[in-house]
Amino acid sequence: QVRLVESGGGAVQAGDSLRLSCAASGRTSPGYTMGWFRQAPGKEREFVAAIRWGGGSTSYADSVKGRFTISRDNAGNTGYLQMNSLKPEDTAVYYCAAALSFLVPTISSQYSYWGQGTQVTVSS
């Protein structure tokens, strides 16, 4: 079992930055992948970014490439999503997820564990 707790959301202006954190506890291992997804009102949950815990391979959605950076702190078992140049269309609830996979999956159904979500609101 893996428990995930997100933090760092908030309300910002367009162009600002935020850093989300995801603290993982439980049966984590280098073979798992941490992902970030987001869901805006009335829309499907969509993939944002993911990182393989061991090795650090990453994947990003095209909509956030060059603006968002995913990273992890192996020692502290914490993952991060640095979000720069935020846009109003980035407004959503952001979820941290964990997949027990050596790949870097981008589909939500491939993730077994989810955090409770943190709200990010970007105003123009």
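Between the Arg52 side chain and the Ser57 main chain, no donor and acceptor come within less than 3.5 Å of each other. Tyr111 places a side-chain N or O within 3.5 Å of a backbone atom of Pro105 that can act as its donor or acceptor partner. Side chain of Gln39 to backbone of Ala92: no donor-acceptor contact under 3.5 angstrom is found. With hydrogens and angles disregarded, no donor-acceptor distance shorter than 3.5 Å links the side chain of Tyr113 to the backbone of Leu100. Under the 3.5 Å distance criterion, the side-chain polar atoms of Ser17 are left unmatched by any main-chain donor or acceptor of Gln82. Side-chain N or O atoms of Thr91 include one that pairs as donor or acceptor with a backbone N or O of Val122 at under 3.5 Å.
Between Met83 and Val64, the closest side-chain pair of non-hydrogen atoms is not below 4.5 Å.
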Chi angles and distances behind the side chain to side chain contact (heavy atoms under 4.5 Å, CB included) call for Asp90, Arg67: CA-CA 11 Å; Asp90 294 319; Arg67 299 190 298 123; 2.7 Å; yes
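For the pair Cys96 and Glu6, the tightest heavy-atom approach, listed with the atom from each and the gap, is N-OE2, 2.7 Å. Closest of all the heavy-atom pairs between Gln13 and Ser124 is OE1-O, 3.7 Å. Ala98 and Val2 make their closest contact through CB-CG1, 4.3 Å (heavy atoms, listed as atom of the first residue, atom of the second, distance). Pairing each heavy atom of Trp53 with each of Gly79, the nearest pair is CH2-N, 3.7 Å. Scanning both residues, Leu86 and Leu18, for their nearest heavy atoms gives CD1-N, 3.9 Å. The two residues Leu81 and Val48 come nearest to each other via the heavy atoms CD2-CG1, 4.1 Å.
Lys65 and Asp62 are joined by a salt bridge, as a carboxylate oxygen and a charged side-chain nitrogen come within less than 4.0 angstrom of each other.
Distance CZ/Arg19 to OG1/Thr69: 11.5 Å, rounded to 0.5 Å. Taking CD of Gln110 as the start and OG of Ser101 as the end, the distance is 7.0 Å to the nearest 0.5 Å. Taken from CG in Leu4 to OG in Ser25, the straight-line distance is 7.5 Å, to the nearest 0.5 Å. Interatomic distance, Leu20 CG to Phe68 CZ, rounded to the nearest 0.5 Å: 8.0 Å.
Ring geometry for Phe37 against Phe47 counts as perpendicular: the plane angle is over 60°, on a 0 to 90° scale with 30° as the lower cut.
By the criterion of side-chain heavy atoms lying less than 4.5 angstrom apart, applied directly or through intervening Ile, Leu, Val, Met, Phe, Trp or Tyr residues, Trp114 is grouped together with Val93 in one hydrophobic cluster.
Remark: Gln116 CD is packed, more than 12 non-hydrogen atoms of other residues, nucleotides or ligands lying under 6.0 Å away.
Put simply, the residue from Tyr95, Tyr94, Trp36 that forms a side-chain contact (heavy atoms from CB on, under 4.5 Å) with Cys22 is Trp36.
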